[in-house]
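Working notes for the structure below.
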Amino acid sequence: MTDGETGRNFITEIIDEHNETGRFNGIVHTRFPPEPNGYLHIGHAASIYLNFGIAERYGGLCNLRFDDTNPAKEEQEYIEAIIEDARWLGYDWDDRLYFASDYFDELYEMAVDLIRIGRAYVDELSPDEIRTYRGTLTKPGKESPFRNRSPEENLRLFEKMRAGGFKEGEAVLRAKIDMTSGNINLRDPVMYRILDAPHPRTGDKWKIYPMYDFAHGQSDSIEGITHSICTLEYEDHRPLYDWYLDNIEIFHPQQIEFARLNVSHTVLSKRKLIRLVQEGYVSGWDDPRMPTISGLRRRGYSPEALREFCENFGVGKVKGVVALHNLEYHLRQHLNKTANRVMAVINPLKVVIENYPDDLVEEMEAVNNPEDASAGTRMAPFSKVLYIERDDFMEDPPRKFFRLAPGREVRLRYAYFITCTDVIKDEDGEVIELRCAYDAATRGGSAPDGRRVKATLHWVSAQHAIKAQARLYNNLFTVEHPDSDREVDFTEFINPDSLTVVDPIYVEPHLQNAQAGERFQFERLAYFVVDQDSTAEKLVFNRTVALRDQWRKQQKKAGKAGRKTQRKAKPAPKP
RNA sequence: AGGGAAGUAGCUCAAUCGGCAGAGCAGGUGCCUUUGGAGCACAAGGUUAAAGGUUCGAGUCCUUUCUUCCCUGCCA
């Protein structure tokens, strides 16, 4: 992150320089160019943020353009999903929604121009032969026997390709550059290939389709893009990007490459994401454990949190992996400010207030969001029989456990102080019920005599609580970098406990009419969102992210320290 | 006969013309609290991949070395 002025990075430096030299007359126009062959994920969110953010920063515009040059892999379904996700993230491209396929006619004419000036030719080598002729990383390639046909013959053959006179694989159009270049992209790259597949937008009008390299720069040029921001793997393509624009002699945007975003404890490659879906490790592209935008949305992430995250992590050329806790930090940050609080008990323990009147029900006023006074208050019913969280009671508590224990007094949030007077167990010795006494003078949660308690517990009234389902999500992978092991398949690292369904949990009746997508904080537990599977009869909540938990952290640390001392007992061999 | 790119705190990034190596997050210690949440304070964290050179002065300039990543699709 930058200190002082935010949002500065190596890209803004390049743009500032362009503005100083007047290369683009002070104009900044970017584009976000997804291929419609899959769903958007958190990495794309970073790219969208970058492209739209840069444009906004310089008072320019950003287009949404689909790079739809390979109909064999692309589908209308993806186009629609990508538009929906990009909108949800909060971006707006007005009427500047474009498709590379919009430019197929112009691209064809550009190819014809290159043929005319002798810089492109139709090659009838087979795919295998082309590969062999290309050479290797350390050996130069050699020229195709078809390389020196006349422009007239090439024109005729290219027209034959367009008209369907060749089958797939029988001919391609190639740029005539340099078969000995150290940069393999310059060894006569393919410009057009024959594809026998209907295109989602142009139908069966075309038999030939431009390659990415022949389409991208010219599409940028046609749209007046000034700064074409892409990921690092295109660094080797920039000389080709430049070559096409220079030889066609049209407006020349600047390609700039940055390191794509990676996040720990997940995978982002399309291939791996598809496997997670197809092999049934998750329920679909929008499974709340997926790093897709639709998955994150269903998990309860907010667009604001995602944007804050993107703003916070810097843009650079260093390939790195951002720790997941960074994302979660911004998520909690936003949810803390916006999510209404509510009480819910996930693992119930019955509490009977013995000195509370049998039939009395009191409505306790509860604050919806201590961070936002405008969120107001609600009423929560209190009665003789309650549920508290099982974890909030220990019969024989360790020294630093502040919650309920035999003989100890704690506060029930927004209600009363209670003291545990008796513990009821079943025949196996399992605690099944607590008997408590309340102090009527502590209504609202404070004692007139000024005495303090060390803990405040959440609770629900047993007879008023609504039963709901909770889906408790954890990281999909148990390790930071599931795809960095060359021998072990990433699926081996899938967390067997990535989803725990708890049914029923008990929630305040206030939640009765909660709608899908509404986010709440279950006090002292976690943030939850109402899932789309929710119905009027059965509410379903997805755990978005747990609250930070000092107690659990302390326990974990104590456990680790124990193991460490054991290990220490064995002297380490000297190096 | 290989080409391209990158190395600064655990992670992500700053450091103006060559001028005292700084932030956020994570981790640590306290404080506070009607969420063990939130918040606040403090401390810690570095041989700037390494070596050599230029210079009054090098993260920055030069040389060499090392490490990591990308490139041999008619994918994008």
Side-chain angles (χ1 to χ4, degrees), chain A residues 1-4 8-9 33-35 37 67-70 72-74 123 125-127 130-132 134-141 168-174 180-187 189-195 208-209 211-213 215-216 230-239 257 259 261 264 270 312-330 332-333 336-337 341 343 367 370-371 400-403 411-415 444-446 452-458 480 521-526 546-554 557:
Chain A
M1 220 189 102
T2 49
D3 128 51
R8 310 249 338 128
N9 53 53
E35 183 191 12
N37 69 344
D67 240 327
D68 57 347
T69 55
N70 185 355
K73 289 190 175 177
E74 297 152 6
D123 197 352
L125 249 28
S126 72
I130 287 184
R131 193 182 322 119
T132 309
R134 186 159 33 227
T136 69
L137 293 178
T138 51
K139 284 197 196 104
E168 263 189 48
E170 286 183 346
V172 291
L173 184 70
R174 291 230 255 172
T180 67
S181 173
N183 181 348
I184 290 172
N185 293 303
L186 263 21
R187 316 235 267 230
V190 172
M191 294 162 58
Y192 270 91
R193 78 289 212 189
I194 294 159
L195 245 33
I208 56 172
Y209 291 93
M211 298 286 287
Y212 163 87
D213 287 301
H216 202 91
C230 60
T231 48
L232 248 29
E233 63 265 33
Y234 291 102
E235 280 173 328
D236 285 345
H237 293 246
R238 183 163 14 101
E257 310 86 11
L261 169 71
S264 73
K270 209 160 283 177
N312 181 265
F313 92 88
V315 180
K317 291 184 87 102
V318 186
K319 288 189 185 187
V321 182
V322 179
L324 183 63
H325 59 65
N326 266 290
L327 222 192
E328 293 180 339
Y329 168 80
H330 291 285
R332 290 193 185 99
Q333 202 75 10
N336 177 47
K337 294 279 186 282
R341 273 60 167 172
M343 293 193 286
V367 174
E371 303 286 321
K400 288 201 158 181
F401 185 86
F402 301 148
R403 287 115 93 158
R411 171 171 38 238
L412 293 180
R413 189 141 160 95
Y414 301 124
S446 54
R452 322 277 288 191
V453 289
K454 288 192 100 170
T456 302
L457 310 187
H458 61 276
E480 268 183 75
Q521 183 195 98
F522 288 2
E523 290 215 51
R524 302 207 307 134
L525 297 175
L547 261 32
R548 293 176 67 217
D549 186 341
Q550 298 299 321
W551 168 247
R552 205 169 60 184
K553 199 154 85 179
Q554 221 170 61
K557 210 168 58 185

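Small disclaimer: the values here were computed from a predicted structure and weren't measured. A, B, ... follow the sequence lines: proteins, then strands. Residue 1 opens every chain.
- Here A:R193 reaches the OP1 or OP2 of B:C75: one of its side-chain N or O atoms lies under 4.0 Å away.
- Within the 4.0 angstrom heavy-atom criterion, base atoms lie near A:G445.
- Within 4.0 Å (heavy atoms only), A:S126 reaches at least one base atom of the nucleic acid.
- For the pair A:H237 NE2 and B:C75 P, the computed distance is 13 Å after rounding to whole Å.
- Side-chain N/O atoms of A:R403 include none lying less than 4.0 angstrom from OP1 or OP2 on B:G36.
- A:V315 comes within 4.0 angstrom of the backbone, heavy atoms only, and of no base.
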Dot-bracket for RNA chain B, 5' to 3', with Watson-Crick and G-U pairs under 3.5 Å, [ ] for crossing pairs and | for other-strand pairs: what is it? .((((((..((((.....[..))))..((((.......))))......(((((..]....))))))))))).....
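- At a threshold of 4.5 Å between non-hydrogen side-chain atoms, the residues A:D213 and A:P189 do not count as touching.
- Contact of A:R131 with B:G73 (side chain to base): no donor-acceptor pair of N or O atoms is detected under 3.5 Å.
- For A:Q333 and B:G39, the shortest distance from a side-chain N or O to OP1 or OP2 is below 4.0 Å.
- Taking atom CG of A:L186 as the reference point, atom P of B:U72 lies 14 Å away to the nearest angstrom.
- A:L457 places a side-chain heavy atom less than 4.5 Å from the side chain of A:R524.
- For B:A14 and B:A9, the C1' atoms lie 13 Å apart once the distance is rounded to whole Å.
- Within the 4.0 angstrom heavy-atom criterion, base atoms lie near A:L125.
- A:V367 comes within 4.0 angstrom of nothing in the nucleic acid, heavy atoms only.
- Here A:Q521 does not reach the OP1 or OP2 of B:G37: none of its side-chain N or O atoms lies under 4.0 Å away.
- Residue-to-nucleotide proximity on RNA chain B shows that, of A:A259 and A:K400, the 5′-proximal contact is made by A:A259.
- Listed by chain and number, the residues in a side chain to side chain donor-acceptor pair (under 3.5 Å) with A:E328 amount to none (sequence neighbours excluded).
- Nucleic acid contact class of A:V190 (heavy atoms, under 4.0 Å, all strands): sugar-phosphate only.
- Under the side-chain hydrogen bond (donor to acceptor under 3.5 Å, both in side chains) test applied with A:T456, the options A:E523, A:R403, A:R411, A:R413 reduce to a single match, A:R411.
- Proximity of a side-chain donor or acceptor of A:R187 to a complementary backbone N or O of A:S181 within less than 3.5 Å is detected.
- B:G22 and B:A43 have their P atoms separated by 14 Å, given to the nearest Å.
- With RNA chain B read from its 5' end, the first of the two nearest nucleotides for A:F522 and A:P127 is the one closest to A:F522.
- Nucleotides B:G24 and B:U67 are separated by 36 Å at their P atoms, to the nearest Å.
- In this structure, A:E233 places its CD atom 17 Å from P of B:C75, rounding to the nearest Å.
- Judged by distance alone, with hydrogens and angles left aside, A:Y329 brings no side-chain donor or acceptor close enough to the base of B:A26 to form a pair under 3.5 Å.
- A:N336 comes within 4.0 angstrom of a base, heavy atoms only.
- Nearest nucleotide to the side chain of A:T456, out of B:C75, B:C25, B:G36: B:G36.
- Applying the side-chain contact (heavy atoms from CB on, under 4.5 Å) test between A:Y329 and each of A:R332, A:Q333, A:H325 identifies A:Q333 as the sole match.
- To the nearest 0.5 angstrom, A:T231 atom OG1 is 8.5 Å from A:K319 atom NZ.
- Counting non-hydrogen atoms under 4.0 angstrom, A:P33 reaches nothing in the nucleic acid.
- A:K317 places a side-chain N or O within donor-acceptor distance of the main-chain N or O of A:E257, the cut-off being under 3.5 Å.
- Residue A:Y192 is out of contact with every strand shown, counting any heavy-atom pair closer than 4.0 Å.
- Residue contacts for A:R174: at a heavy-atom cut-off of 4.0 Å it reaches no nucleic acid atom on any strand shown.
- For B:A5 and B:U63, the P atoms lie 14 Å apart once the distance is rounded to whole Å.
- At whole-Å resolution of the value, CE in A:M191 and C1' in B:A76 are 18 Å apart.
- At least one side-chain heavy atom of A:L195 sits less than 4.5 Å from a side-chain heavy atom of A:N70.
- Comparing the C1' positions of B:A26 and B:C13 gives an interatomic distance of 15 Å, to the nearest angstrom.
- Atom CG in A:L173 sits roughly 17 Å away from atom C1' in B:G73 (whole-Å rounding).
- A heavy-atom distance below 4.5 Å is found between the side chains of A:N37 and A:K270.
- Classification of B:G4 as anti follows from a glycosidic angle more than 90° from 0.
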Before giving the answer on side chain to side chain contact (heavy atoms under 4.5 Å, CB included), spell out for A:R341 and A:V367 the whole-Å C-alpha distance, their side-chain angles and the decisive distance to 0.1 Å. CA-CA 8 Å; A:R341 273 60 167 172; A:V367 174; over 6 Å; no
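- Counting non-hydrogen atoms under 4.0 angstrom, A:F401 reaches a base of the nucleic acid.
- Distances were taken from every side-chain heavy atom of A:R548 (C-beta onward) to each of B:G37, B:G10, B:U35; the shortest belongs to B:G37.
- Residue contacts for A:Y414: at a heavy-atom cut-off of 4.0 Å it reaches a base atom on one of the strands shown.
- Using atom C1' as the reference point in both B:C11 and B:U55, the two lie 35 Å apart (nearest Å).
- Atom C1' of B:C70 sits at a distance of 30 Å from the matching atom of B:G52, rounded to the whole Å.
- With distances taken from any side-chain atom of A:R134 to the nucleotides B:A38, B:U72, B:G36, the minimum falls on B:U72.
- For the pair A:V172 and A:M211, the minimum side-chain heavy-atom distance is 4.5 Å or more.
- Residue A:E371 places its side chain closer to B:G37 than to any other of B:C25, B:G37, B:C74.
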Pairs: protein N or O with nucleotides 1-8 of chain B N or O, under 3.5 Å:
residue, atom, partner, partner atom, Å
B:A1, O2', A:T138, O, 2.2
B:A1, N6, A:T180, O, 2.8
B:A1, N1, A:T180, O, 2.3
B:G2, N9, A:L137, O, 3.2
B:G2, N2, A:G182, O, 3.3
B:G2, N3, A:L137, O, 2.9
B:G3, N2, A:D236, OD1, 3.3
B:G3, N2, A:D236, OD2, 2.6
B:A5, O4', A:E235, OE1, 3.4
B:A5, O2', A:E235, OE2, 3.4

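- Between A:R341 and B:G37 there is no side-chain polar atom (N or O) within less than 4.0 angstrom of OP1 or OP2.
- Atom pair A:L457:CG and B:U35:C1' shows a separation of 10 Å (rounding to whole Å applied).
- Comparing B:U29 with B:U68, their P atoms sit 36 Å apart, to the nearest whole Å.
- A side-chain donor-acceptor contact under 3.5 Å links A:N183 to the backbone of A:D236.
- Residue A:E523 is in base contact, counting any heavy-atom pair closer than 4.0 Å across all strands shown.
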